[in-house]
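Only one structure is covered here, and it is reproduced in the block below.
Heads up: numbering here begins at 1 and tracks the sequence. No experiment lies behind these values; they were computed from the predicted model shown.
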Amino acid sequence: MAIRKVVKEGDELLRKKSKPVKTFDRELWNLLDDMWDTMYANDGMGLAAVQVGILRRAIVIDVNGLKAELINPEIYYEEGEDIDEEGCLSVVGFNGNVKRPYKIKVRAFDRYGFPFALEGEKYLARCVCHECDHLEGILYIDKCDNRNEYFKRRRK
């Protein structure tokens, strides 16, 4: 288990689409363990594998006491709307309001390759959506209400 370097916005890797996990083995388990360590060391509540430089569809989340590893997650149901502030370990020093579904249902696999489903509302739904966006090469700054402010700051 190790703390890995978090890839920061501006690195083109974050804009690439992650590939499905096909092998559920020790290498994946080590990656997930490192992701947990990295997320906690950076005071995060979610982390996608791409944020530690690995283009695989794997995320870890810890929201309101619920800890989960979602491999190859697929959101298959969305309901309602919720607008709230988000930040990101890959986007330092900037927060913005993002519209997300209030409730979601997601299918995924655990670290051993067993399928499961998870339902979440409010912050859990927000976190899962945020991390799943990372797997598609999308950052929350692409969706936030004050994104122009971020890009103006970045150009300076």
Working for side-chain contact (heavy atoms from CB on, under 4.5 Å), residues Ile104 and Cys129: CA-CA 8 Å; Ile104 57 113; Cys129 289; 3.8 Å; yes
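- By the 4.5 Å heavy-atom criterion applied to side chains, Leu139 and Arg15 are counted as neighbours.
- In the hydrophobic cluster analysis, where Ile, Leu, Val, Met, Phe, Trp and Tyr join through side-chain heavy atoms closer than 4.5 angstrom, Leu55 is grouped together with Val7.
- Cluster annotation: Leu32 and Val50 are assigned to distinct hydrophobic clusters (Ile/Leu/Val/Met/Phe/Trp/Tyr, side-chain heavy-atom contacts under 4.5 Å, transitive).
- Side-chain contact between Ile54 and Leu31 is present, with heavy atoms from C-beta onward closer than 4.5 Å.
- Here the closest non-hydrogen pair linking Pro101 and Ala125 is O-CB, 3.8 Å.
- Of all heavy-atom pairs between Pro20 and Asn72, the closest is CA-OD1, 3.3 Å.
- Phe24 places a side-chain heavy atom less than 4.5 Å from the side chain of Phe109.
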Glu85/Arg126 under salt bridge (charged side-chain N to carboxylate O under 4.0 Å, His left out): CA gap, chis, key distance, verdict: CA-CA 10 Å; Glu85 188 176 73; Arg126 176 168 300 282; over 6 Å; no
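- Ion pairing between a basic and an acidic side chain is recognised when a charged N comes within 4.0 Å of a carboxylate O; Lys105 and Glu79 show no such pairing.
- Only one option out of Arg57, Lys143, Lys16, Lys19 pairs with Glu136 in a salt bridge (Lys or Arg N to Asp or Glu O under 4.0 Å); it is Arg57.
- Under a hydrophobic-cluster definition in which Ile, Leu, Val, Met, Phe, Trp and Tyr are linked whenever side-chain heavy atoms come within less than 4.5 Å, directly or via other members, Leu70 and Ile75 are assigned to the same cluster.
- When all heavy atoms of Asp34 and Ala2 are compared, the pair lying nearest together is OD1-N, 2.7 Å.
- Pairing each heavy atom of Leu118 with each of Leu66, the nearest pair is CD1-CD2, 3.9 Å.
- Between Asp145 and Val98, every side-chain heavy-atom pair lies at or beyond the 4.5 Å cut-off.
- The ring pair (Phe, Tyr, Trp, His ring centres under 6.0 Å) search around His134 returns His130, not counting sequence neighbours.
- No more than 12 heavy atoms of other residues, nucleotides or ligands sit less than 6.0 Å from atom CZ of Phe114.
- The pair Lys5-Asp11 does not meet the salt-bridge criterion, since no charged nitrogen lies less than 4.0 angstrom from a carboxylate oxygen.
- Hydrophobic clustering (side-chain heavy atoms under 4.5 Å, transitive across Ile, Leu, Val, Met, Phe, Trp, Tyr) keeps Leu13 apart from Ile138.
- When the ring pair (Phe, Tyr, Trp, His ring centres under 6.0 Å) test is applied to Tyr40, the partners found at least two apart in sequence or on another chain are Trp36.
- Taking 4.5 Å as the limit, every side-chain heavy atom of Tyr140 sits out of range of all side-chain heavy atoms of Asp133.
- For the atom pair NZ (Lys99) and SG (Cys144), the distance works out to 13.5 Å, reported to the nearest 0.5 Å.
- The shortest distance between side-chain heavy atoms of Thr23 and Leu28 does not fall below 4.5 Å.
- One finds no salt bridge joining Asp84 and Arg100 here, because no Lys/Arg side-chain nitrogen approaches an Asp/Glu carboxylate oxygen to under 4.0 Å.
- Nearest heavy-atom pair, Val128 versus Ile59, reported as atom, atom and distance to 0.1 Å: O-CD1, 4.5 Å.
- The local environment of NZ in Lys8 is crowded, with over 12 non-hydrogen atoms from other residues, nucleotides or ligands closer than 6.0 Å.
- Here the side chains of Ile61 and Met45 are not in contact, with every heavy-atom distance at 4.5 Å or above.
- Counting only N and O atoms by type, the side chains of Ser90 and Gln51 include a donor and acceptor under 3.5 Å apart.
- The shortest heavy-atom contact between Ala48 and Leu135 is CB-CD2, 4.1 Å.
- If you chain together hydrophobic residues whose side chains sit under 4.5 Å apart, Phe94 and Leu89 never meet in one group.
- Checked for salt-bridge contact, Arg111 and Asp25 miss the test: no charged N lies under 4.0 Å from a carboxylate O.
- Between Lys103 and Asp82, none of the side-chain N atoms (NZ, or NE/NH1/NH2) sits under 4.0 Å from a carboxylate O, so this pair counts as no salt bridge.
- By the ring pair (Phe, Tyr, Trp, His ring centres under 6.0 Å) test, Tyr112 is found to be paired with Trp29, residues two or more places apart in sequence or in another chain being considered.
- Annotation: Tyr123, atom OH; neighbour count of heavy atoms from other residues, nucleotides and ligands within 6.0 Å does not exceed 12.
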